[in-house]
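Presented below is the structure to which this report refers.
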Amino acid sequence: MTAGGHGTDGVERRGLMFVLSSPSGAGKTTLSRLLIERMTGLRMSVSATTRAMRPGEVDGRDYLFVDKARFDAMVKGDELLEWATVFDNSYGTPRAPVEAALSAGQDVLFDIDWQGTQQLREKARADVVSVFILPPSAADLEKRLHSRAQDSDEVIRKRMSRASHEMSHWAEYDYIVINHAVDEAFAEVQSILKAERLKRERRTGLVGFVRGLQGQLQG
Ligand code: 5GP
């Protein structure tokens with residue numbers, strides 16, 4: 001999956017797929033929101049899901065809320081770049097908006113689990129940059145899940161018991177950020193994105209840029 005866009009320094013480069021994963025409650029949603037607000041050239045991939053809408057969520061902004069029949073039709077129609085079952089619900093990334101963003105030279109931010117990350121990596125390894133967010137402690141994770149107050153106690157218990165399983169995939173990720181404080185974690189995630197944007201191998205316009213420079217120097 002390639003795309004031609006321009007970096008902030010004007011040199012053409014391929015768009016990248018920036019993946020944030022974590023056990024729920026580790027602060028990934030806040031970090032994603034801050035990235036979208038504060039970084040230019042980055043678009044959020046809005047996933048489709050069969051899970052029920054939580055209070056405060058908006059259809060089309062947080063997720064595309066679909067029923068199982070529609071989700072299955074999306075899978076069958078090859079409309080999803082990746083998909084997985086998480087907490088008994090289906091989640092998947094609609095392909096078309098991602099491809100449109102990448103070919104317009106935008107980077108795309110994904111808030112998806114390890115199963116989805118594996119699938120993206122298989123499809124577009126060179127373009128995927130993955131970050132795993134860890135909570136500083138189990139107590140901190142539990143506190144955050146409770147303070148969200150969006151899920152029932154039973155759902156929270158289930159999420160806590162799944163957290164350890166989800167965390168077991170940390171070593172498959174390119175970067176690990178421990179979210180002690182959201183400002184620091186944000187600064188770290190932002191640095192990763194900024195550095196990855198400068199990677200030589202995705203800066204397709206560099207050969208021409210350097211040739212141009214050399215031409216000017218010699219002429
Ligand atoms: P939640 O229900 O709390 O919004 O999300 C539950 C989990 O599903 C989170 O770990 C989130 O990253 C993951 N998730 C959300 N959207 C997708 C998706 O499109 N694909 C995959 N594989 N996981 C997703």
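Whatever order the structure lists ligands and atoms in, that order sets their numbers, starting from 1. The residues of the chain are indexed from 1 along the displayed sequence.
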message: I'd like to know if D62 pairs up with R54 as an ion pair, taking the criterion as any Lys NZ or Arg NE/NH1/NH2 lying under 4.0 Å from an Asp or Glu carboxylate oxygen.
response: no

field: Mode of V86 contact toward ligand 1 - side chain, backbone, both, neither (heavy atoms, under 4.0 Å)
entry: side chain

- request: Give yes if a backbone or side-chain nitrogen or oxygen of E57 is under 3.5 Å from a nitrogen or oxygen of ligand 1, and no if not.
  value: no

query: With a 4.0 Å cut-off on heavy atoms, does Y63 reach ligand 1?
result: yes

query: What part of R54, side chain, backbone, both or neither, has a heavy atom within less than 4.0 angstrom of ligand 1?
result: side chain

task: Measure the distances from the heavy atoms of Q115 to every atom of ligand 1 and state whether one is below 4.0 angstrom.
output: no

E196 with R202: basic N within carboxylate O range, under 4.0 Å: yes

Contact (N/O only, under 3.5 Å) between W83 and ligand 1: no

message: Taking R157 first and then D153, would you say they form a salt bridge - that is, a charged N and a carboxylate O separated by under 4.0 Å?
response: no

- prompt: Salt bridge or not for R203 and D9, using N-O below 4.0 Å?
  reply: yes

message: Could you check whether any heavy atom of S21 sits closer than 4.0 Å to an atom of ligand 1, since that is the contact criterion I want to use?
response: no

- request: Heavy-atom distances under 4.0 Å are what count here, so tell me which part of R162 touches ligand 1: side chain, backbone, both or neither.
  value: neither

Per-atom contacts, ligand 1 versus G116 - under 4.0 Å to a heavy atom: 22 (N)

field: A84-ligand 1 polar pair, N/O distance under 3.5 Å
entry: no

query: So H169 and W114, would you call those rings parallel, tilted or perpendicular, with 30° and 60° as cut-offs?
result: parallel

query: Around atom CD of E184, are there more than 12 heavy atoms of other residues, nucleotides or ligands at under 6.0 Å?
result: no

message: Just to check, does F110 reach to within less than 4.0 Å of ligand 1 when the distance is taken from its heavy atoms?
response: no

- prompt: Just checking, is any N or O donor in the side chain of E12 or T204 under 3.5 Å from an acceptor N or O on the other one?
  reply: no

message: Can you check which of A163, S47, G92, S32 brings a heavy atom nearest to atom 16 (N) of ligand 1?
response: S47

query: Only one of W83, F65, Y63 forms a ring pair (Phe, Tyr, Trp, His ring centres under 6.0 Å) with Y91, so which one is it?
result: Y63

- request: Flag yes if more than 12 heavy atoms outside F209 fall under 6.0 Å of its CZ atom; otherwise flag no.
  value: no

field: Test item, Q119 contacting ligand 1 (heavy atom, 4.0 angstrom)
entry: no

message: Under a 3.5 Å distance rule, please check whether R200 uses its side chain to pair with a backbone N or O of L206 as donor and acceptor.
response: no

- request: Taking only heavy atoms of R159 into account, list the atoms of ligand 1 that are under 4.0 Å away from them.
  value: 2 (O), 3 (O)

- prompt: So is E166 polar-close to ligand 1, meaning N/O to N/O under 3.5 Å?
  reply: no

